[in-house]
Amino acid sequence: MNYWLMKSEPDDFSIDDLQMCEQQTVAWQGIRNYQARNYIRDQIALGDLVLFYHSSCKVPAIVGLANISSQPQIDVSAFDDRSAYFDMKSDATAPRWWQVHIQFMAKFSNPVSLKQLKADPLLQDMVLVAKGTRLSVQPVTQEQYQHIMKLTNVD
DNA sequence: GCCAACGTTGGC
DNA sequence: GCCAACGTTGGC
């Protein structure tokens, strides 16, 4: 079992949107970064847990929990020239981009803000904190995950 | 809206 | 294969 953090802009797709999806599940399409693609294609597995992060918003924060609910699949939105995610360099014979489905598990009553993450001595090695990285799919260690889950329960 | 950090592209 | 130019992300 592995742990991940996935970013989404809430104006675009929020944790509430995920909760309201049919089966509370959505295909995570549109990853167009090779490092993130490699994680999705090669390392993410059914049942892995996902910290759902809101970026580019008033209070960037980890706002909920999801799980990986499919095997990695080819992201067919790359083939669709009407899609915002269209990539003419990806086609069915040489698919370049991959997706998984994620399923809603929880919305935190105490989101963990980026500010909190940055200030926490135990979380300095988080990819999100350490590199200020823009990577939209990133690994989280079990220790980091457990600590963050503790923070969500603190009032 | 600004801009730093980072990723990608393409000329050589 | 280097690296400058350019584009994007995302916090502030």
Side-chain angles (χ1 to χ4, degrees), chain A residues 2-21 26-44 48-68 72-141 143-145 147-152 154:
Chain A
N2 287 307
Y3 303 90
W4 305 94
L5 181 145
M6 291 190 184
K7 296 183 188 177
S8 187
E9 300 186 18
D11 288 348
D12 214 38
F13 190 86
S14 70
I15 188 74
D16 296 316
D17 294 325
L18 178 60
Q19 186 169 17
M20 286 187 297
C21 282
V26 73
W28 207 245
Q29 298 186 318
I31 300 293
R32 298 291 179 267
N33 167 285
Y34 288 104
Q35 210 178 337
R37 187 281 308 271
N38 292 344
Y39 285 132
I40 287 181
R41 189 188 58 187
D42 306 333
Q43 289 188 241
I44 285 182
D48 283 357
L49 295 177
V50 176
L51 296 169
F52 196 96
Y53 178 85
H54 281 175
S55 67
S56 290
C57 56
K58 208 165 183 181
V59 183
I62 296 169
V63 296
L65 190 65
N67 69 83
I68 302 297
Q73 309 159 335
I74 293 164
D75 181 348
V76 296
S77 70
F79 308 151
D80 177 2
D81 63 10
R82 291 160 308 169
S83 167
Y85 303 134
F86 176 64
D87 179 359
M88 58 185 280
K89 291 176 183 163
S90 186
D91 63 57
T93 61
R96 178 178 288 199
W97 304 115
W98 293 72
Q99 68 182 35
V100 284
H101 286 68
I102 65 170
Q103 181 170 37
F104 176 86
M105 290 180 70
K107 178 181 176 178
F108 297 152
S109 50
N110 293 300
V112 184
S113 69
L114 179 61
K115 197 176 167 188
Q116 272 179 280
L117 298 172
K118 282 181 166 174
D120 196 313
L122 295 180
L123 297 174
Q124 294 309 295
D125 291 336
M126 275 189 82
V127 177
L128 192 73
V129 175
K131 297 211 69 182
T133 184
R134 303 173 303 166
L135 195 56
S136 62
V137 176
Q138 44 178 271
V140 173
T141 67
E143 291 74 21
Q144 290 161 355
Y145 170 80
H147 185 63
I148 289 164
M149 291 309 281
K150 255 187 273 172
L151 295 178
T152 64
V154 172

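Atom CD of A:E9 and atom P of C:dC12 are 15 Å apart (whole Å). Per the geometry, OH belonging to A:Y34 stands 15 Å off C1' belonging to C:dT8, to the nearest Å. For the pair A:H54 NE2 and C:dT9 P, the interatomic distance rounds to 17 Å; values are reported in whole Å. Counting to the nearest Å, the C1' atom of C:dC12 and the NZ atom of A:K115 are 12 Å from each other. Separating the CG atom of A:L128 from the P atom of C:dT9 is a distance of 16 Å, rounded to the nearest angstrom. Nucleotide C:dG10 holds its P atom 11 Å from the CG atom of A:D12, rounded to whole Å. One interatomic measurement links the two molecules: CD1 of A:I31 to C1' of C:dT8, which rounds to 14 Å at whole-angstrom precision.
For A:S55, the listed nucleotide lying nearest its side chain is C:dG10; candidates were C:dT8, C:dG10, C:dC12. Listed nucleotides: C:dC12, B:dG7, C:dG10. Nearest to the side chain of A:L114: C:dC12. The listed nucleotides are C:dG10, B:dG7, C:dG11; the one nearest the side chain of A:K118 is C:dG11.
A perpendicular orientation is assigned to the rings of A:F52 and A:W28, their planes being inclined by more than 60° (bins at 30° and 60°). Using bins of under 30°, 30° to 60° and over 60° for the plane-to-plane angle, the ring pair A:Y34/A:W97 lands in the tilted bin.
Contact annotation: A:Y53 side-chain N/O to C:dT9 OP1/OP2 distance is not under 4.0 Å. Between A:K7 and C:dG11, a side-chain N or O to OP1/OP2 separation shorter than 4.0 Å is absent.
Looking only at distances, no side-chain donor or acceptor of A:S113 sits under 3.5 Å from a matching main-chain atom of A:V59. Of the possible polar contacts, one joining the A:D48 side chain to the A:N2 backbone as a donor-acceptor pair under 3.5 Å is found.
Using a 4.0 Å heavy-atom distance criterion, A:K58 is classed as making no nucleic acid contact.
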